S.K.: 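Below you'll find the structure I mean.
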Amino acid sequence: MIKLSNCKTCGKLLAGKQTKFCSPSCKNRDLQSYEAQQRRGLARKLAIIQSAGGKCSICGYHQNLAALVFHHTDPGGKDFKLDMRSLSNRKLAPILVEIDKCILVCANCHAELHNPHLNLDALL
């Protein structure tokens with residue numbers, strides 16, 4: 001029995017061993033475009049942040065996804081940054097291993113963790 005289907009990107013009828021895309025360019029347009037990478041990265045970050053408690057582990061901030069980041073507790077054990085590019089382009093297993101080395105913090109607390117010597121009370 002032959003199953004007919006269409007390209008996910010352009011709708012063209014698939015032939016031979018093609019199962020989702022009619023060409024490499026359609027596959028790249030669907031999976032590797034900047035917009036696709038952004039969607040994938042944001043979806044992964046949201047899911048990972050929810051599984052990590054959904055708020056800053058220091059102050060409890062929980063308003064904006066962009067303001068929550070992962071802080072490596074041991075910089076020497078850091079294999080890669082957990083930025084949007086890493087979240088969208090790496091396999092999930094290595095990301096989860098790296099997440100286990102981190103705590104979830106807001107951008108303000110992250111800046112204070114990295115720069116305790118810039119405390120305004122001590123500088124003024």
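All values reported here derive from a predicted model rather than from experimental measurement.
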S.K.: What residues form a side chain to side chain contact (heavy atoms under 4.5 Å, CB included) with Gln37, not counting sequence neighbours?
M.R.: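 Gln37: side chain to side chain contact (heavy atoms under 4.5 Å, CB included) contacts with Gln32, Arg40, Ser88, Asn89.
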S.K.: Each residue besides Leu92 in its hydrophobic cluster should be listed here, by chain and number; the cluster joins Ile, Leu, Val, Met, Phe, Trp and Tyr at side-chain heavy-atom distances under 4.5 Å.
M.R.: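 Cluster partners of Leu92: Leu96.
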S.K.: Using the side chain to side chain donor-acceptor pair (under 3.5 Å) rule, collect all pairs that involve residues 45-68, keeping only residues at least two apart or in two chains.
M.R.: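 Those involving residues 45-68 do not exist here.
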S.K.: Quick one: list whatever passes side chain to side chain contact (heavy atoms under 4.5 Å, CB included) with Asp100, sequence neighbours left out.
M.R.: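 With neighbours one apart ignored, the set is empty.
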S.K.: If hydrophobic clusters are built from ILVMFWY residues whose side chains come within less than 4.5 Å, do Ile103 and Val69 share one?
M.R.: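 The answer is yes; both residues are in one hydrophobic cluster.
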S.K.: Side chains of Ile48 and Leu82, heavy atoms from C-beta outward: is any pair under 4.5 Å?
M.R.: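 Ile48 does not reach Leu82 side chain to side chain.
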S.K.: According to side-chain hydrogen bond (donor to acceptor under 3.5 Å, both in side chains), who are the partners of Asp83, at least two apart in sequence or on a separate chain?
M.R.: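 Asp83 satisfies side-chain hydrogen bond (donor to acceptor under 3.5 Å, both in side chains) with Ser86 only.
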S.K.: Using a 3.5 Å cut-off and no angle test, enumerate the donor-acceptor pairs between side-chain atoms of residues 11-20 and protein atoms at least two apart in sequence or in another chain.
M.R.:
| residue | atom | partner | partner atom | Å |
| --- | --- | --- | --- | --- |
| Gln18 | OE1 | Ala15 | N | 2.8 |
| Gln18 | NE2 | Cys22 | O | 2.7 |

S.K.: Tell me who clusters with Leu118, hydrophobic residues only, linked when side chains sit under 4.5 Å apart either directly or through other members.
M.R.: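 Leu118 shares its hydrophobic cluster with Leu123.
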S.K.: Got a donor-acceptor contact below 3.5 angstrom from the Arg90 side chain to the Ile95 backbone?
M.R.: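 No, because the side chain of Arg90 does not come within donor-acceptor range (under 3.5 Å) of the backbone of Ile95.
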S.K.: Are Leu113 and Ile49 connected in a single hydrophobic cluster, I mean Ile/Leu/Val/Met/Phe/Trp/Tyr linked by side-chain heavy atoms less than 4.5 Å apart?
M.R.: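 They do not share one cluster, since no chain of ILVMFWY contacts under 4.5 Å joins Ile49 to Leu113.
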S.K.: Sequence neighbours left out, what pairs pass side chain to side chain donor-acceptor pair (under 3.5 Å) with at least one residue falling in residues 67-79?
M.R.: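 Non-adjacent pairs meeting side chain to side chain donor-acceptor pair (under 3.5 Å): His71-His110, His71-His114, His72-Glu98, Asp79-Lys101.
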S.K.: Kindly write out the residues that satisfy side chain to side chain contact (heavy atoms under 4.5 Å, CB included) with Ala52, not counting sequence neighbours, or none if the list is empty.
M.R.: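 Ala52: side chain to side chain contact (heavy atoms under 4.5 Å, CB included) contacts with Phe70, Leu104.
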